[in-house]
2 protein chains.
Amino acid sequence: MVTIKDVAREAKMSVATVSRVLNGSGPVSEETRRLISEVAGRMRYVPHSGARSLITSKTQTLGVLLPDLYGEFFSEVIRGMDDTAQRNGFHLLISRAYADRHGIETAIRAMRGRADGVVVMSPDLDAESLLNLPSTIPVVLLCSVSRGNEIDSLTIQNCRGAREMVGHLISVGHRRIAIIKGSPRNYDAAERLRGYRMSLREAGIMLDPLLEREGDFTEAAGYSAVLELIALKNRPTAIFAANDSMAIGALSALRESGIAVPEEMAVAGFDDIPLARYMDPPLSSVHVPIWELGARAVELLLHGITHKNDHPRRRERVSTKLVIRRSTGGVPAERPPPQTLKRKLVSV
Amino acid sequence: MVTIKDVAREAKMSVATVSRVLNGSGPVSEETRRLISEVAGRMRYVPHSGARSLITSKTQTLGVLLPDLYGEFFSEVIRGMDDTAQRNGFHLLISRAYADRHGIETAIRAMRGRADGVVVMSPDLDAESLLNLPSTIPVVLLCSVSRGNEIDSLTIQNCRGAREMVGHLISVGHRRIAIIKGSPRNYDAAERLRGYRMSLREAGIMLDPLLEREGDFTEAAGYSAVLELIALKNRPTAIFAANDSMAIGALSALRESGIAVPEEMAVAGFDDIPLARYMDPPLSSVHVPIWELGARAVELLLHGITHKNDHPRRRERVSTKLVIRRSTGGVPAERPPPQTLKRKLVSV
DNA sequence: GCCCTCTATGTAAACGATTACATATTTGGG
DNA sequence: CCCAAATATGTAATCGTTTACATAGAGGGC
């Protein structure tokens, strides 16, 4: 491997000068600049980032700790992070970690000397556990919050989004509205449940425990929850699933049970994954700007890094948007004319 | 930050001994071992991986270069890679790169000193461009092959999978079978097209250029391709989409046009994404073991690394499997009894 | 008691860059 | 023509590890 010394020798210059040329730091004559650039290019010299980061104590790398995430969410959040990181000259070191405190600590520790900061996504961790992460480098919490105010955090406007969707169901006439919940330990799921209940209470509708079914964000969970719901003596007329995957499982179960959507049962989801509009009927959902979520998390992290982790902590939420399609009935279907269809779909 | 020197001073030992204890190398007395472990633990010492990799010239990190990938594929391939990497004590440095030769070269170069090897996924790049990647570290090509035999590569059994699916459509009686293609520059897409044609030829069916429609792997492309196909004077009776996303777009278009699937039109996809079984009707597809794809790519890369890139190059393909559901008709629907449903769904 | 072989530990040289400081050369003002 | 300032380049310390080599003491065979 060719090092800076090799280049220096070949160009008959000192390593210092070579370094200066390569980094554009310090004064160098135009002549030397050209000579060294030429030699370095010819020898295909590439600086060794490990060595560089040892002396500068900057790695230009961001760690990302993720739980087991499936589908579009994972891809899109990473896309947002990578776009933002690259634009700022950073790389992404991605690692999946067990969601318990020990797993996270180990993973964060392994980042020492590898990353300048870490985005930790751990929606299933309870707030206390995250209180004192043993980290000297900046940390941003994604989709969870710590109890204290020690860590920057970024979350989805879960509660508001759920409240609006349930509010919409109520506004088109539903009174018996079921929810398929996510895991009780999951922050997003808990917040969405809170929004559901809040909305019902606001409309003066009594909460019915029978209408709150367990789920775990998988299609299979949505499927079996529906089987239970339609077996009830007093069936709901609408179902709000805490995410789209479960809503899709729900649609599938309703279809097989011969229950018409939205006529006999309205269905709504959360996330607005790209496939939602291709369901039958197209699925109403709460749109989550996932790319922005990743992008913003990295921005927060970079801010922490430039301020050497000595900055007022922030707590932000990205806002959601109601997307009403046919599965909730009551409102004209979203069906753009064919000629404009392609562009619109791609842009969403 | 606490360094190995701090630990040495605190334990009144030399850095060499501390290093020996921490790495379990060289002889140390049981007493010193305990003392140093205790001190290091108490001081929360974590070795600086940058410094370590500088001297050992091992980073314990694998680079991953990906194009713009969407949905389940992206998540799942990374999951497979990360699982395998972690099991071998490696980390993943993930970067999205422009798919042109220059972008890839730059990205690979940026990996120097950061990664011990790189997995490059670049299905849209032509074979020649990949011929001489300027890399001293091992490279594995994913979903593409280089013309020479200079680089390890791993691909999907695209051609065989497509051939089998089209063969199945033929076996249930179809003669006019359309294909919605992927981008012509995409390796997977080209191979799937080849399998489609091969299968038709084997059955003595004339190829009809009108039945080969352009696509780009998006739902929108599938949607509009179907609108064109059903406008033909001599409609096909079956549609093979080169991936599931386009098949889903196709289903949506057929539904809106009031064409019954599979009675009036059979539809098949490729990839077998988890959602395929939740479509209406459940979508027949060619199953691709995505996790295994990622896992195997990392295994190949690790092999190259341990052999210092001086090993016979391999060219492997992961095998696909036909999954027939209702959208192609002709065969009993896959609908497991409710009680076993959940387990089965999750495991797929 | 001598020498040889272990075992346990320390010393110091790498690894490949950056950069403070020193030195040499040029430039220009008076 | 001299000296200060500016410019260009070099020398060497440094970052935090690993590890080859050196050293010192302990144990054992003769």
Side-chain angles (χ1 to χ4, degrees), chain A residues 1-37 39-40 43-61 89 109-116 136-137 308, chain B residues 1-37 39-40 43-61 89 109-116 136-137 308:
Chain A
M1 202 65 251
V2 30
T3 76
I4 198 173
K5 276 187 197 164
D6 302 323
V7 176
R9 191 177 321 119
E10 180 81 8
K12 301 192 202 310
M13 291 273 131
S14 76
V15 290
T17 308
V18 176
S19 175
R20 277 188 279 257
V21 169
L22 265 30
N23 296 299
S25 62
V28 258
S29 74
E30 192 49 40
E31 190 184 8
T32 357
R33 156 162 290 117
R34 262 198 302 271
L35 170 65
I36 291 183
S37 308
V39 172
M43 300 180 75
R44 297 180 155 278
Y45 166 71
V46 185
H48 187 287
S49 16
R52 179 179 281 180
S53 73
L54 180 56
I55 186 80
T56 60
S57 55
K58 293 181 174 159
T59 62
Q60 297 298 106
T61 300
R109 206 162 284 149
M111 294 283 179
R112 146 129 147 113
R114 284 179 202 284
D116 298 333
T136 56
I137 57 176
K308 299 179 196 302
Chain B
M1 203 67 249
V2 31
T3 76
I4 199 175
K5 275 187 197 165
D6 301 323
V7 176
R9 191 176 321 120
E10 181 81 9
K12 298 191 203 313
M13 291 275 130
S14 76
V15 289
T17 308
V18 175
S19 174
R20 277 189 278 259
V21 169
L22 263 30
N23 296 300
S25 63
V28 258
S29 74
E30 192 48 42
E31 191 185 6
T32 346
R33 155 162 291 115
R34 262 200 300 272
L35 169 64
I36 291 183
S37 308
V39 171
M43 299 180 78
R44 295 180 156 280
Y45 167 71
V46 185
H48 186 287
S49 18
R52 178 179 282 180
S53 73
L54 179 57
I55 186 81
T56 60
S57 56
K58 291 179 177 160
T59 62
Q60 298 297 106
T61 300
R109 206 161 284 150
M111 294 283 178
R112 144 129 149 114
R114 285 180 202 283
D116 298 333
T136 55
I137 56 176
K308 299 179 195 300

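In this text, all values refer to a predicted model and were calculated from it rather than measured experimentally. A note on names: the letters A, B, ... follow the listed sequences, proteins ahead of strands, and every chain is numbered from 1.
- Heavy atoms only, all atoms of each residue included: B/Arg109 and A/Val46 are closest at CG-CG2, 2.9 Å.
- Within a 6.0 Å radius of CD in A/Glu31, no more than 12 heavy atoms belonging to other residues, nucleotides or ligands are found.
- In terms of heavy atoms, B/Leu54 sits closest to A/Leu54 at CD2-CD2, 3.5 Å.
- Of all the residues in residues 25-37 of chain A, A/Pro27, A/Val28, A/Ser29, A/Thr32 reach under 4.0 Å from DNA chain D with at least one non-hydrogen atom.
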Query raised in the report: Which is it for A/Lys12 and A/Leu35 under the side-chain contact (heavy atoms from CB on, under 4.5 Å) test, yes or no, and what are the steps along the way?
Result: CA-CA 10 Å; A/Lys12 301 192 202 310; A/Leu35 170 65; over 6 Å; no
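- The nearest whole Å value for the distance from the CD1 atom in A/Ile4 to the P atom in C/dA17 is 6 Å.
- The side chain to side chain contact (heavy atoms under 4.5 Å, CB included) search around B/Ala16 returns B/Ser14, B/Arg20, not counting sequence neighbours.
- Residues from residues 14-21 of chain A placing a heavy atom under 4.0 Å of any atom in DNA chain C, listed by number, are A/Ala16, A/Ser19.
- The shortest side-chain heavy-atom distance between B/Arg52 and B/Asn23 falls under the 4.5 Å cut-off.
- Residues B/Arg114 and B/Thr59 are not in side-chain contact: their nearest non-hydrogen atoms beyond the backbone lie 4.5 Å or more apart.
- The heavy-atom pair separating A/Val2 from A/Met43 by the smallest distance is CG1-O, 3.5 Å.
- Counting heavy atoms from C-beta outward, A/Tyr45 and A/Val18 have side chains that stay 4.5 Å or more apart.
- Residues A/Val21 and A/Ser37 have side chains in contact (heavy-atom distance under 4.5 Å, counting atoms from C-beta outward).
- Panel note: side chain A/Ser19, backbone A/Val15; no donor-acceptor pair is recorded below 3.5 Å.
- One can place CD1 of A/Ile55 at 11 Å from C1' of C/dA20, the figure rounded to the nearest angstrom.
- For DNA chain D, the contact window with chain B, defined by any atom under 4.0 Å from a protein heavy atom, covers D/dG16 to D/dT19 in 5' to 3' order.
- In the helix from C/dG1-D/dC30 to C/dG30-D/dC1, the end axes, each obtained as the rotation axis mapping the C1' atoms of four pairs onto the next four within a five-pair block, lie 50° apart to the nearest 10 degrees.
- Separating the CZ atom of B/Arg52 from the C1' atom of C/dA14 is a distance of 17 Å, rounded to the nearest angstrom.
- Checking B/Leu54 against B/Lys12, the closest nucleotide of DNA chain C that is more toward the 5' end is the one next to B/Lys12.
- If you check every strand for non-hydrogen atoms under 4.0 Å, B/Val46 touches sugar and phosphate atoms only.
- Inter-residue side-chain proximity for B/Met1 and B/His48 is flagged as unmet; no heavy-atom pair is nearer than 4.5 Å.
- For B/Thr3, the side chain to side chain contact (heavy atoms under 4.5 Å, CB included) criterion is met by B/Lys5, B/Asp6, not counting sequence neighbours.
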